[in-house]
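The structure appears below as structure tokens.
Residue numbers start at 1 and run along the sequence shown. Not measured: the values here are computed from a predicted model.
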Amino acid sequence: MTTRPKIFISAGEASGEHYAAQLIPAIRKLVPDAEFFGLGGQRMEALGFRRIVRAEDVAVMGITEIIRHIPHIYGEYRKLKASIAAEHPDAAILIDFPDVNLSLARTLHGLGIPVIYFVSPQLWAWKKYRIRRVRRYVDRMLVIFPFEESFYRDHGVKATFVGHPLAEIPLPSISRKEFADQYGLDPSKSWVGLLPGSRFKEIRLNLPEMIEAASQLHPSCEFLLPLAPTLTPEHIDQVRAMLPANGPRIILVDDARTTLYHARASVVASGTATVEAALIGNPFIVVYRVSKVTYSVARRVVKVPYVAMVNLIAGREVVPELIQDDFTAANVVSHLQNLLCDEAVRSRIQADLAKVGASLHSARSPIEQVAGITMELMGPAR
């Protein structure tokens with residue numbers, strides 16, 4: 001290990017940046033003078049992380065979107081590779097984001113740098129051929145869903161289920177009244193969470209249908225729209241411009257977890273937010289829409305029966321899924337009315353979500369396990 005150890009972290013999406021922001025202080029407890037650099041977001045930067053590439057500059061989604069941004073993404077990728085070669089970190093932690101991170105794993109491995117991959121790419125759903133890269137270039141795969149450990153081990157990858165970091169976070173402490181006062185909400189009304197995704201492209205594709213559904217629901221509802229911290233100010237301005245001047249009251253908030261905690265029900269784009277909703281116990285609908293080209297390709301290559309992680313873990317449909325053409329305002333309203341008004345439906349879903357949530361816990365803190373394994377692979381302490 002160098003005199004002052006350096007750790008490269010690559011977290012290109014909002015959820016990955018959230019985990020990385022927990023990892024940095026956890027590692028500093030073990031190695032107080034550790035330096036961190038690489039790809040990350042603003043929360044990481046606030047912790048002293050040196051951003052070679054900003055997460056908000058590379059977060060794209062879908063096949064057509066990635067193709068359109070290839071020149072820019074490749075330029076940022078070259079910056080990361082150059083920084084790795086120049087600084088030769090003592091270890092690297094790659095968090096999800098496979099289109100960039102699996103390529104970085106090869107570069108890191110070639111330089112003899114230990115590679116820890118935290119939060120598995122969904123290779124069990126599609127692109128299973130990538131497992132060869134994982135087996136060759138990743139020293140430890142640390143997974144957050146229980147079924148992933150056996151999948152990787154069956155393919156010759158050293159994998160460990162560490163639990164889901166979101167399962168360790170306590171429920172929000174802010175009261176309903178305090179939350180209402182903070183955002184000017186009416187506590188006598190039913191609150192519905194609208195979570196269209198963390199990337200602006202997702203928001204553009206998912207939010208309009210959510211807004212249309214909101215306009216068809218009873219005026220006794222208010223709608224809470226949390227925005228990811230990785231969105232740029234320009235993107236936030238564009239989201240504000242999408243909101244109707246008249247019609248349903250949709251309030252922008254900055255805390256998705258508190259939204260899910262206090263909302264009576266939610267409409268959630270497929271992704272990490274669905275796991276947060278499950279752990280909090282908020283009845284929700286999973287929705288998602290991508291470009292027609294992306295969806296056409298995905299239908300041919302994705303080999304799992306469900307889109308929502310909650311349903312995949314349970315092995316059955318615990319929460320409704322409205323994907324692509326099924327994602328219409330009318331369908332959203334139909335399901336939401338059940339979640340808002342039918343106590344039997346609400347109780348059944350909440351009981352199922354509790355079982356899913358219990359399976360995501362581990363005996364030790366996932367973040368502490370990742371920090372400890374990183375130290376092991378870096379070698380003996382100084």
Side-chain angles (χ1 to χ4, degrees), residues 1-13 15-55 58 76-98 100-121 133-134 136-144 157-163 165 168 362 364-382:
M1 194 184 295
T2 59
T3 304
R4 188 173 185 187
K6 290 183 180 180
I7 298 173
F8 176 87
I9 301 178
S10 177
E13 297 167 295
S15 58
E17 197 240 356
H18 178 77
Y19 302 148
Q22 297 175 65
L23 264 173
I24 289 171
I27 292 173
R28 283 204 176 118
K29 284 184 179 179
L30 303 175
V31 187
D33 59 349
E35 293 183 47
F36 302 88
F37 72 100
L39 164 62
Q42 296 174 14
R43 286 177 292 191
M44 296 165 66
E45 188 173 48
L47 294 167
F49 179 84
R50 188 157 37 90
R51 296 206 288 174
I52 307 299
V53 173
R54 307 189 317 165
V58 298
E76 299 298 273
Y77 171 68
R78 289 179 65 186
K79 283 187 196 175
L80 290 172
K81 284 184 64 176
S83 73
I84 291 166
E87 305 203 34
H88 206 285
D90 296 282
I93 303 171
L94 311 178
I95 306 178
D96 202 0
F97 206 45
V100 169
N101 283 342
L102 287 176
S103 294
L104 289 175
R106 179 176 182 175
T107 298
L108 291 156
H109 177 80
L111 292 170
I113 297 164
V115 177
I116 300 97
Y117 208 121
F118 179 41
V119 184
S120 163
R133 292 195 222 173
V134 174
R136 186 168 181 180
Y137 304 128
V138 173
D139 294 285
R140 292 291 292 275
M141 175 63 74
L142 306 181
V143 300
I144 61 176
V157 176
K158 192 170 185 180
T160 303
F161 170 64
V162 296
E168 305 298 308
S362 60
R364 289 181 54 213
S365 158
I367 295 297
E368 290 179 4
Q369 289 184 69
V370 177
I373 291 167
T374 301
M375 293 302 100
E376 288 175 21
L377 292 182
M378 284 172 66
R382 291 166 297 141

### Message
To the nearest 0.5 Å, what is the distance between CG on L39 and OG on S83?
### Response
10.0 Å
### Message
Measuring only between side-chain heavy atoms, which start at C-beta, is F8 closer than 4.5 Å to L104?
### Response
yes
### Message
Does R106, at its CZ atom, have more than 12 non-hydrogen atoms belonging to other residues, nucleotides or ligands within less than 6.0 Å?
### Response
no
### Task
State, to 0.1 Å, how close V53 and K79 come at their nearest heavy-atom pair, and which atoms those are.
CG2-CB, 4.1 Å
#### Entry: Test side chain to side chain contact (heavy atoms under 4.5 Å, CB included) applied to Y117 and I95, D139, V138, the passing residue
V138
#### Entry: Main-chain N/O of I116 paired with R140 side-chain donor or acceptor, under 3.5 Å
no
### Message
Are I373 and F118 packed together at the side-chain level, in the sense that at least one heavy-atom pair is separated by less than 4.5 angstrom?
### Response
no
### Message
Between Q369 and V162 (side chain of the first, backbone of the second, donor and acceptor by atom type, cut-off under 3.5 Å), is there such a pair?
### Response
yes
#### Entry: Criterion side chain to side chain contact (heavy atoms under 4.5 Å, CB included) against I93, the qualifying member of N101, V115, I27
I27
### Query
Is there side-chain contact between I7 and M375, with at least one heavy-atom pair below 4.5 Å?
yes
### Query
Below 4.5 Å, heavy atoms only, C-beta onward: do F36 and L23 meet side chain to side chain?
no
### Task
Using a 4.5 Å cut-off on heavy atoms from C-beta on, say whether the side chain of R54 contacts that of E76.
no
### Task
Report the distance from atom CE of M378 to atom CG of L30, rounding to the nearest 0.5 Å.
10.0 Å
## Note on the structure
Nearest heavy-atom contact between P121 and M141 is CD-CE, 4.1 Å
### Query
So, do F37 and F49 have ring centers that fall under 6.0 Å from each other?
no
### Message
Looking at every non-hydrogen atom in both residues, tell me the closest pair between I367 and Y19 and how far apart they are.
### Response
CD1-O, 4.0 Å
#### Entry: A11 to A55 - nearest heavy-atom pair and separation
O-CB, 3.7 Å
#### Entry: Sidechain-backbone polar pair: D90 side chain, K6 backbone, donor-acceptor under 3.5 Å
yes
### Query
Under 3.5 Å, is there a donor-acceptor pair between the side chain of E17 and the main chain of R43?
yes
### Distance (rounded to the nearest 0.5 Å) between R78 CZ and T107 OG1
12.0 Å
### Distance-minimising heavy-atom pair for I9 and M44
CG2-CE, 3.9 Å
### Message
Would you compute the distance between atom CG of L94 and atom CG of L108 and round it to the nearest 0.5 angstrom?
### Response
6.0 Å
### Query
Taking the side chain as C-beta and beyond, is there a heavy-atom pair between I144 and S120 under 4.5 Å?
no
### Task
Check whether any side-chain heavy atom of E168 lies under 4.5 Å from a side-chain heavy atom of E368, and answer yes or no.
no
### Task
Would you check if P89 and E35 make a side-chain contact, meaning some heavy-atom pair closer than 4.5 Å?
no
### Summary
For H109 and R136, the nearest pair of non-hydrogen atoms, with its separation, is CE1-O, 3.4 Å
